[in-house]
Amino acid sequence: MTARIHALAVAAALSALCAATAAHAHYPVCDCRMADGQTVVCTGGFSDGSKAPGVVLDVIAYDEQVLVKGRLGADSTLSFPRPAQDFYVLFDAGPGHTVEIEHSAIK
């Protein structure tokens, strides 16, 4: 009987641990839009509502040339002049926490 109680306690502990991990899971979010005809504004953060000041946000041409090397400001935004060539925005908060936004999606 003791072994069964121990097994149930272990199962309950594992269930609680898994639930806690799922509750703390979050994923990166980034939105870029045209502020006017020439300026792009990107705002980054996480699905749990937390902001992302200091996170890398680079603007990269399709030939992999970095056009704008930046970091989100204290308000989790970065503004830059829209490049004339095709590009994508890379929000990079670390492994497994990246978002790419194609220039054609920025309106």
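- Heavy-atom minimum distance, Ala52 versus Phe91: CB-CZ, 4.0 Å.
- Val59 places none of its side-chain heavy atoms less than 4.5 Å from the side chain of Leu90.
- Lys107 and Ser104 get closest at one heavy-atom pair: NZ-O, 2.8 Å.
- We find the CE-CD1 distance between Met34 and Ile106 to be 8.0 Å, quoted to the nearest 0.5 Å.
- A 4.5 Å side-chain heavy-atom check between Asp75 and Pro53 finds every atom pair outside the cut-off.
- By the 4.5 Å heavy-atom criterion applied to side chains, Val29 and Asp31 are not counted as neighbours.
- Heavy atoms only, all atoms of each residue included: Ser50 and Asp48 are closest at OG-OD1, 2.7 Å.
- Cluster membership check: Tyr27 does not share its hydrophobic cluster with Leu57, using side-chain heavy-atom separations under 4.5 Å among Ile, Leu, Val, Met, Phe, Trp and Tyr.
- Between Gln85 and Leu67, some side-chain heavy-atom pair lies under the 4.5 Å cut-off.
- Looking only at distances, no side-chain donor or acceptor of Thr77 sits under 3.5 Å from a matching main-chain atom of Thr43.
- Summarising the geometry of Thr98 relative to Gly94, their closest heavy-atom pair is CG2-O, 3.9 Å, with the distance given to 0.1 Å.
- Across all non-hydrogen atoms, the minimal contact from Thr39 to Ser79 is CG2-CB, 4.1 Å.
- Of the two cysteines examined, Cys42 and Cys32, the SG atoms meet the criterion of being under 2.5 Å apart.
- His97 is listed as a side-chain neighbour of Pro28, based on a closest heavy-atom distance under 4.5 Å.
- Ring geometry, Phe87 versus Phe80: the interplanar angle exceeds 60°, so the pair is classed perpendicular (tilted spans 30 to 60°).
- With Arg82 contributing its side chain and Asp36 its backbone, the two residues share no donor-acceptor pair below 3.5 Å.
- Within the 4.5 Å cutoff, the side chain of Val68 has no heavy atoms near those of the Asp58 side chain.
- No chain of hydrophobic side-chain contacts below 4.5 Å, direct or via other Ile, Leu, Val, Met, Phe, Trp or Tyr residues, connects Val56 to Ile60.
- The closest side-chain heavy-atom distance from Val55 to Asp92 is not below 4.5 Å.
- For Val41 against Ala35, the heavy-atom pair with the smallest separation is CG2-CB, 3.5 Å.
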